[in-house]
Amino acid sequence: MAVTGDRRPDQPPPLAPEALTAIRPPDDVAARFRAAGWWRAETFLHDLYRTAALDPERPAIIAHRRHRAAGHRTVTVGYARLAHTVDRFAAALRSLGLAEGDPVAIQLPGWWETAALTLACLRAGTPAVPVLPTVRAHGLERILAASRARICVVPDRWEGFEHAEALAEMAPRLPWLRQRVVLGDAAPTGALDFAGYFRRVPHEHGRHGDGPSLGADRADRISLMITVMGLGDRYTATLHTPNTLYANIAPRRPAAGTGPERGEVIYSSLPLTSLASLLFTVYWPLALGGTAVYQDVWDPGTSLDLMAEAGVTLAYAGPDHWSEVLSAQRERPRRLAALNLALSGGRTRTPAPLLAELPAALGTPVHAVWGSPEVGLGTIARGETPAERAGESDGRPVPGLEISVLPAAPCPVGGRETAPLLVRGPSVAAAVWRHGEPAPVVPWERDGWLDTGDLGRADGLGGVEVLARAGERAGGIFMVPAAEVEEALLTHPRVAEAAVVDYLHQEHGELPCAVIVPTTEAEPPGLVELREHLAARGVAAGFLPTRLELARALPRDDRGGVRKEALRSWLTTLRPGTPRTL
């Protein structure tokens, strides 16, 4: 794979733009998925323009901005306005010299402009690279270096961090970065002003207004690069096309030929950088002629108020957010009259007690789900089996998706084996690129199978039990790379052995716990000391353990590996006043 531009010796090779444009599904795969209705010749832009023409004033986005004055915090954007804005933003991108395949990094909160810019990238043929606003300078620089993003859009400041200043400081080290764009006060850093250039200039009427064709091949080109951060300088980029994204939505699409119907009103608590939130609140509403509801700063009370006022029909959140919503609803109940389904999960399992209590509090069914950046929505637990009701199963695959651990027929419980969780189907990413590797992994070159990095097994009843939390990851929104945190813990002078496993917190869902064997029992390190040690070594705040347990030895198998399932079981049995030794 070609590497373009200058690069520092300590930087791994980037994913060159020409490599992105070269990734296409084989003709037979595309034909098969189109014939089945999972893929199509159109993109979400066709949905947007169609609804804008037929019902221009229908709300496309309802966005809440916490830092605005009371009475002005909620903004409603209609379909016609959104379509016009997408065209203007796309022409602005092209006017800055972008060619098809040139990535655009977007580090913005959950604002309606964030969605419009993401869609504008699709219109311009430039892959969007969403970056979590909480990613700081070092992480952003590594993403920009690896993706070779030609443009980066940031707020001037957000939640106490000076994003514009940080981007300006790193820019001289990124010679391929053509433009720094700031939404807010751009003048102090000499960046391009987003409001002045993107919003106010009618680029769509100039020579850059036409843009590339929206032909059938656009649906199979890379349009989205989702990054999953690890520790240090490591991360994984998952590459999706409009069709792999559409396959998550196809089962809920109105029947062909009926035209846009009044669609669902969909809310997600996650930022517009996760694949789940992009699916639920950018792409899904457009495909259904519906409405997306955004919240730029998480607050459970505001979330409930938004869902009630906007008439949300479908809500998606992680277990930690639903736990806070449950507490807020008990304190001051809201009537969620329109809500007909809530989904909980993602890469994090929802505790069974939370699943049992949420339906009554929300007044609607609640289903646990498992998903990943490689596949989007993977499984749904509808409570149809005892394992699902007990929180011991993550449910059955969504239509069209194959999961490697599932046999052709349900297997006996005693016959289940844990194995890497591979997926195959129309919603599987077009490619996955692990930072530092010379080329992406393309599932079509491996009989369609793609490794999610999780572990799983059959639940014995036709569903899947995902065991990622027993190995590589732990935690809620910020999926903790356990092995890397363990390596950092072992650099502390009073830590002899270390393991990081998840535990279920009653209020905040799944969180990381550090189980350590101290070098001396007389003077073990404390949790605050270990967190400070990890932070000093560059571990992000979202990866820091929230609980510490001491052990005389870690349980190990015959090969010397730590038995993390045993640790997780041990953590669930600990009660106040009981010995903290394994």
Side-chain angles (χ1 to χ4, degrees), residues 10 138-139 228-236 320 347-349 418 420 434-436 453-455 466-506 508-582:
D10 64 325
H138 181 77
V228 179
M229 299 296 295
L231 284 187
D233 299 326
R234 286 172 283 185
Y235 74 88
T236 299
D320 49 352
R347 223 49 187 274
T348 308
R349 175 169 294 170
T418 299
R434 294 175 179 84
H435 188 204
D454 288 351
L455 300 176
V466 182
L467 302 171
R469 291 154 294 276
E472 294 300 320
R473 300 180 176 91
I477 288 182
F478 302 102
M479 299 309 299
V480 178
E484 298 174 23
V485 178
E486 290 163 358
E487 291 178 8
L489 283 169
L490 290 173
T491 63
H492 191 284
R494 299 204 305 281
V495 174
E497 296 181 79
V500 175
V501 291
D502 61 284
Y503 73 99
L504 294 178
H505 189 279
Q506 186 174 4
H508 302 298
E510 195 169 272
L511 296 173
C513 173
V515 181
I516 71 160
V517 178
T519 54
T520 60
E521 292 188 14
E523 196 177 355
L527 178 60
V528 173
E529 180 182 351
L530 289 176
R531 284 171 59 91
E532 291 176 348
H533 175 77
L534 293 173
R537 296 188 65 84
V539 177
F543 296 163
L544 298 177
T546 59
R547 175 179 173 184
L548 171 65
E549 297 294 347
L550 305 179
R552 290 175 180 167
L554 298 180
R556 297 184 180 274
D557 57 28
D558 294 340
R559 293 172 294 179
V562 176
R563 295 174 51 229
K564 292 198 171 181
E565 290 189 22
L567 284 178
R568 293 167 64 218
S569 298
W570 175 62
L571 291 178
T572 62
T573 63
L574 291 178
R575 297 291 183 271
T578 60
R580 261 23 187 193
T581 55
L582 188 63

Query raised in the report: Could you walk me through whether L567 and V562 pass the side-chain contact (heavy atoms from CB on, under 4.5 Å) check?
Result: CA-CA 9 Å; L567 284 178; V562 176; 3.8 Å; yes

**Report entry** Nearest heavy atoms of G526 and L548, plus distance in Å
**Finding:** C-CD2, 3.7 Å

**Report entry** Which atom of L490 lies closest to which atom of A496, heavy atoms considered
**Finding:** CD2-O, 3.6 Å

**Report entry** Student check: side-chain heavy atoms of E549 and C513 closer than 4.5 Å
**Finding:** yes

Query raised in the report: When you check the side-chain N and O atoms of T520 and R494, is any donor under 3.5 Å from an acceptor?
Result: no

Query raised in the report: If you round to the nearest 0.5 Å, how far is CG of L534 from OG1 of T491?
Result: 7.0 Å

Query raised in the report: Taking all non-hydrogen atoms of both residues, which atom of P525 and which atom of I516 are closest, and how far apart?
Result: CG-CD1, 3.6 Å

Query - Spatial distance of atom CD (E486) from atom CG (L554) [nearest 0.5 Å] - result: 8.5 Å

Report summary line: Value for NE2 (H492) from CZ (R537), rounded to nearest 0.5 Å, stands at 11.0 Å

Query raised in the report: About how many Å separate CG of L544 and CG of L530, when rounded to the nearest 0.5 Å?
Result: 10.5 Å

**Report entry** SB check E529 R531 (cutoff 4.0 Å)
**Finding:** no

**Report entry** Derivation and outcome, side-chain contact (heavy atoms from CB on, under 4.5 Å), residues R547 and L571
**Finding:** CA-CA 10 Å; R547 175 179 173 184; L571 291 178; 3.8 Å; yes

